[in-house]
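Order of the sequence lines sets the chain letters (A, B, ...), proteins ahead of strands, with each chain counted from 1. Keep in mind it's a predicted model, so treat the numbers as computed, not measured.
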Amino acid sequence: MGAVLAGILTTTPSATSLHPPPPPRCPTETGASPAPLMGEDTDAAPTLDHRGFLPDHNYVTEADIISTVEFNHTGELLATGDKGGRVVIFQREPESKGEPFSQGEYNVYSTFQSHEPEFDYLKSLEIEEKINKIRWLPQQNAAHFLLSTNDKTIKLWKVGERDKRPEGYNLKDEGGRIKDMSTVTSLQVPVLMPMDLMVEVSPRRVFANAHTYHVNSISVNSDYETYMSADDLRINLWHLDITDRSFNIVDIKPANMEDLTEVITAAEFHPHHCNLFVYSSSKGTLRLCDMREAALCDKHSKLFEEPEDPSARSFFSEIISSVSDVKFSHSGRYLLTRDYLTAKVWDLNMESKPLETYQVHDYLRSKLCSLYENDCIFDKFECAWNGSDSVIMTGAYNNFFRMFDRNTKRDVTLEASRESSKPRAVLKPRRVCAAGGKRRKDDISVDSLDFTKKILHTAWHPTENIIAIAATNNLYIFQDKLNSEMH
Amino acid sequence: MFPKGTKRKFSDSGEEPVSSGDQVPAAPSVATRSLTSSYSLQRQSLLDMSLIKLQLCHMLVEPNLCRSVLIANTVRQIQEEMTQDGTWQIMTQALAAAQCPTDRLVATEVLCRQTDAAAQAGQSPKPFSVGGLEEGYHAEEVVMEGDVETEVTMSTLAPVSPQLSSASYLAGPFVMGPCWDEDEEEEEEEEEEEDGECEEDEEDDSEDCVSEGEEADRDHLSPDSRTGEQVFGTFEIKHPAPPPDPALEELFSDVDPSYYDLDTVLTGMQSAPKMGPYDLLESLSSHGPTALSSSSSCRSDLNELDHIMEIIVGS
């Protein structure tokens, strides 16, 4: 851990909150900008900051809460989705020698409304427009493609650039009006002239009506032709070009719904083998399935489950064992899972127990009852690998996030908040101490943790030491300036 | 959150003397469990909390299935443990006995096998139960089978029923019957806005929700008798249902059995004095300390009994 992130992490000034040009969908009561812009250089003139209006309150519009973060395959683009159904794409500025500090910063590239709220009239229920997941397709031409999904519908978006436009039409003038034929005296060939870069986003496919339950995961296959979408009880396989049909490959819905005791919580395709995928359940199991075996992959090829420790059993054992996220390593050899208190690395060749277990916030183990009462125990934290699979990262409460170096076995707790880190400042490791225990300066006691500030969504650049952390409505991007290469 | 006024002691310091101290509530061995009244109290409050959470699940936006399933599993686990201890039956009996007959569903069921639908109209509002979802589902089945009359009756009984909760899968974990087959997608399309929420004060058929749901449950359970697995399972053992009216059965013989349950409710013929967890919830949340004190006294009696048994057995 020391070698990779030696405590030197900078917040890039370009990290902005998700309050892009389109007007806010849900205006706050104050009428001020609900999401404070983060990362503005504190020396510059302050921009509109609602805290100037209401110093004691920190309103966050629900629609601005970031619900997913994802780098594309090169790391050049970073997409975020929020509860209001919007997607914001950030692009990394190319490094320029002129300004050493502006190299590799992420700036807003495009913003669009991906999903709208719907109302299911038959069930009298709202379908939330919250973006649950975004997954990029590998780039195959000049345009970028991403899949975004809410609870029910998956959409394929094309993100293209236009930086030239044709000029010199014969029949139309510059304003697009039809020319008077009598004024046309000669013919010209229209030429392409450069123009200001315009990013155009258009929906290319809409994959709807295939899920009865809430979609929690999507995963693009390594064949670049198919992808899967998983809801609580079923997983469907789609072809990217075919929207009116999908194949059900996993169905764990019991014949009698009264017998339902387990749901699917996450699913992902193997990064290299297009026939393999894994899905996790609320009972803490992982199932690796091979699509070559059968059309319906209800029967797993491998079942990864850690036997329960009988001495640690409590009423909450099952709830905290529920896997909230599963990620293949880039190598495809390992699986990373996150349950409520731990992150585990599994070897695909060993089903009996995880290879490594990392305690994320074990100090919460004695507080499970309170966390059950306030529903925090159901929070679904995500996890991430770094590009070389040597470090894993996951979020926690109080805007803390944790990184574990698998080789050195060192770990660090860092905080993503504007109060504790100025732009370009080095992040200071944090420590949580037990209540009433020995307390060093700057330590946080377990009892003063803020459970409303949770870091559920994190992403790691595919090749460099750049991470994106979503803290409620703010996106923090940290870079390791000293060690930008992966080890 | 807890209207009962019981101070939640469980807290986060893991004070359970018999456990390792950092698991709350840890599960001590069976022998010691019954003796630790604080453990029982903790377990009880956890059960209450879980039931309230389940109740509150059924709102306008489709709630989280994963969360519901996890809470239901927790309730099941507590119930199984309490059944092993023998405290479950005692508690349910205590609650049944402790209630005022005029306005308890449970007492009504226990004391009067056949309850007038009109009497139910005067019942105190019940907290929402999954049975309501069941009813909504059955209404939808009814519609599919073309029985308009029953549908009208349903509407009459639930005139102010607000939004339909997601019977499609929410009721699933608890009371969905075998009628839930592969046509579910189609059925969901046709589900109408029937009563989903029994939380409203004006809900007259709130009782119907629960009892009907439980009866349906009973019918679905009895052939399978998966007692350990169902949330309602153990109640099946304790309170066997009287046989259904043969005349009524004949009349509706061509109809799906769950429909029959709906109909018995509508015609005011209740069969099973079912005490589901939702009854429990109702009695616990709206009856206040009375129920609790009687159950605590039962618990202390139980402890005493255990103590005496121990002496006799000489363990």
Taking only residues two or more places apart in sequence or in another chain, which ones pass side-chain contact (heavy atoms from CB on, under 4.5 Å) with Thr68(A)?
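With sequence neighbours excluded, Thr68(A) shows a side-chain contact (heavy atoms from CB on, under 4.5 Å) to Ile131(A), Lys133(A), Ile134(A), given in chain and number order.
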Heavy atoms of other groups near Asp362(A) CG, more than 12 under 6.0 Å:
yes
Do other residues, nucleotides or ligands put more than 12 heavy atoms under 6.0 Å from the OH atom of Tyr363(A)?
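Yes, because the 6.0 Å sphere around OH of Tyr363(A) holds more than 12 heavy atoms from other groups.
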So, for [X] and [Y], which heavy atoms are closest and what is the spacing to 0.1 Å?
X         : Y         : result
Glu318(A) : Leu70(B)  : OE2-CD2, 3.9 Å
Gln77(B)  : Arg313(A) : NE2-NH2, 3.0 Å
Leu260(A) : Asn73(B)  : O-OD1, 4.5 Å

Contact class of Ser322(A) relative to chain B, heavy atoms under 4.5 angstrom:
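Looking at Ser322(A), just its side chain touches chain B.
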With the side chain counted from C-beta on, respond yes when Cys369(A) and Gln42(B) share a heavy-atom pair under 4.5 Å apart, and no when they do not.
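Side-chain contact under 4.5 Å: no.
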Are side-chain heavy atoms of Cys66(B) and His214(A) found at a separation under 4.5 Å?
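Answer no - side chains too far apart.
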Distance, nearest 0.5 Å, that separates [atom1] of [X] from [atom2] of [Y]:
X         : Y         : atom1 : atom2 : value
Thr265(A) : Leu65(B)  : OG1   : CG    : 12.0 Å
Ile71(B)  : Tyr372(A) : CD1   : OH    : 4.5 Å
Glu373(A) : Ile52(B)  : CD    : CD1   : 9.5 Å
Ser50(B)  : Phe315(A) : OG    : CZ    : 9.5 Å

Salt bridge (charged side-chain N to carboxylate O under 4.0 Å, His left out) against Asp375(A), all qualifying residues, sequence neighbours excluded
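If we apply the salt bridge (charged side-chain N to carboxylate O under 4.0 Å, His left out) test to Asp375(A), skipping adjacent residues, the hits are Lys53(B), Arg67(B).
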